[in-house]
Amino acid sequence: MDQDGAALAERIAERRSGVGDPRALVGEMRRSVLLVPVAEERLWSVRMGGVRWICGFTDETALARFALHHGPGDRPMDYAALLGARIVDEIVPALGEPAGLAVDIATEDGSMFFPPVAGIVPDAVAVDTGEGDEGPGG
């Protein structure tokens, strides 16, 4: 695993302020280790807007903000440390439905969504390529 999420959090802040390169942001997400809450032996995800979002956090502080509202009471929240590339390249396709990655969702003005589109997830599961459609001849 390459690096913690500090560099990713910086890239997110850049994009949210209107500067920075979107491709660099995606690259940083892929290289970063994200903390993904685990509940009942499954990665924490939410469904919103027809997409299943895997929730990942750039550090334990961001995860703790989330745990305050969604955690198991007074017990520590279990989590897995996963490389962003593994989430979008392996886990998202295995879900069998449109899925993306939501980073730092409990951080006011610091969250970022990586939707299930080409350039973020594999083309075979991207909702904007049509590769997964069973259209004529498919």
Side-chain angles (χ1 to χ4, degrees):
M1 295 188 191
D2 280 53
Q3 62 189 37
D4 65 22
L8 177 57
E10 289 176 22
R11 293 267 187 211
I12 289 171
E14 288 173 358
R15 286 303 302 147
R16 289 184 62 96
S17 69
V19 296
D21 179 2
R23 291 174 300 209
L25 173 63
V26 171
E28 198 65 55
M29 175 271 294
R30 295 181 61 78
R31 289 186 296 275
S32 295
V33 174
L34 296 170
L35 308 180
V36 181
V38 176
E40 298 175 18
E41 299 183 26
R42 298 178 68 162
L43 297 179
W44 190 285
S45 65
V46 296
R47 284 189 178 84
M48 183 178 65
V51 175
R52 185 171 176 183
W53 297 96
I54 296 171
C55 301
F57 299 89
T58 55
D59 59 28
E60 288 183 342
T61 302
L63 177 61
R65 278 191 290 274
F66 175 79
L68 283 174
H69 299 288
H70 302 286
D74 60 349
R75 296 176 303 153
M77 180 174 263
D78 292 331
Y79 63 88
L82 300 169
L83 199 57
R86 181 166 184 220
I87 295 169
V88 296
D89 291 346
E90 297 175 24
I91 297 168
V92 163
L95 294 174
E97 64 182 300
L101 174 62
V103 176
D104 288 350
I105 60 171
T107 303
E108 188 174 334
D109 297 328
S111 63
M112 183 62 63
F113 288 78
F114 295 88
V117 297
I120 295 177
V121 300
D123 288 349
V125 296
V127 298
D128 62 338
T129 63
E131 286 192 26
D133 297 341
E134 290 296 324

Evaluate the criterion side chain to side chain contact (heavy atoms under 4.5 Å, CB included) for residue pair V51 and V127; output intermediate values, then yes/no.
CA-CA 10 Å; V51 175; V127 298; over 6 Å; no
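Distance CG/L8 to CZ/R11: 9.5 Å, rounded to 0.5 Å. Rounding to the nearest 0.5 angstrom, the gap separating the CE atom in M77 from the CZ atom in F66 is 5.0 Å.
Nearest heavy atom pair, residue A80 against residue V38, reads N-CG2, 3.7 Å. Taking all atoms of both residues into account, the shortest heavy-atom contact from S45 to R52 is OG-NE, 2.9 Å. Heavy-atom minimum distance, A106 versus F57: N-CE2, 4.3 Å. Taking each heavy atom of C55 and V36 in turn, the nearest pair found is O-CG1, 3.3 Å. In terms of heavy-atom proximity, R16 sits nearest to G110 at NE-N, 3.8 Å. Nearest heavy-atom pair across P116 and A99 is CB-O, 3.0 Å.
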Using a 3.5 Å cut-off and no angle test, enumerate the donor-acceptor pairs between side-chain atoms of residues 81-96 and protein atoms at least two apart in sequence or in another chain.
{"unit_1": "R86", "atom_1": "NE", "unit_2": "E90", "atom_2": "OE1", "d": "3.2"}
{"unit_1": "D89", "atom_1": "OD1", "unit_2": "R30", "atom_2": "NH1", "d": "3.0"}
{"unit_1": "D89", "atom_1": "OD2", "unit_2": "R30", "atom_2": "NH1", "d": "3.4"}
{"unit_1": "D89", "atom_1": "OD2", "unit_2": "R30", "atom_2": "NH2", "d": "2.5"}

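Annotation: ring pair (Phe, Tyr, Trp, His ring centres under 6.0 Å) contacts involving residues 81-129, sequence neighbours excluded, comprise W53-F113. Residues in residues 99-120 take part in these side-chain hydrogen bond (donor to acceptor under 3.5 Å, both in side chains) pairs, two or more places apart or across chains: T58-D104, R65-T107.
The shortest side-chain heavy-atom distance between I120 and P115 falls under the 4.5 Å cut-off. Here the side chains of R15 and I12 are not in contact, with every heavy-atom distance at 4.5 Å or above.
The side-chain contact (heavy atoms from CB on, under 4.5 Å) test applied to E10 returns no partner, not counting sequence neighbours. Here R47 pairs with E97 under the salt bridge (charged side-chain N to carboxylate O under 4.0 Å, His left out) rule; sequence neighbours left out. Under the rule for a salt bridge (charged side-chain N to carboxylate O under 4.0 Å, His left out), D128 has no partner lying at least two apart in sequence or in another chain.
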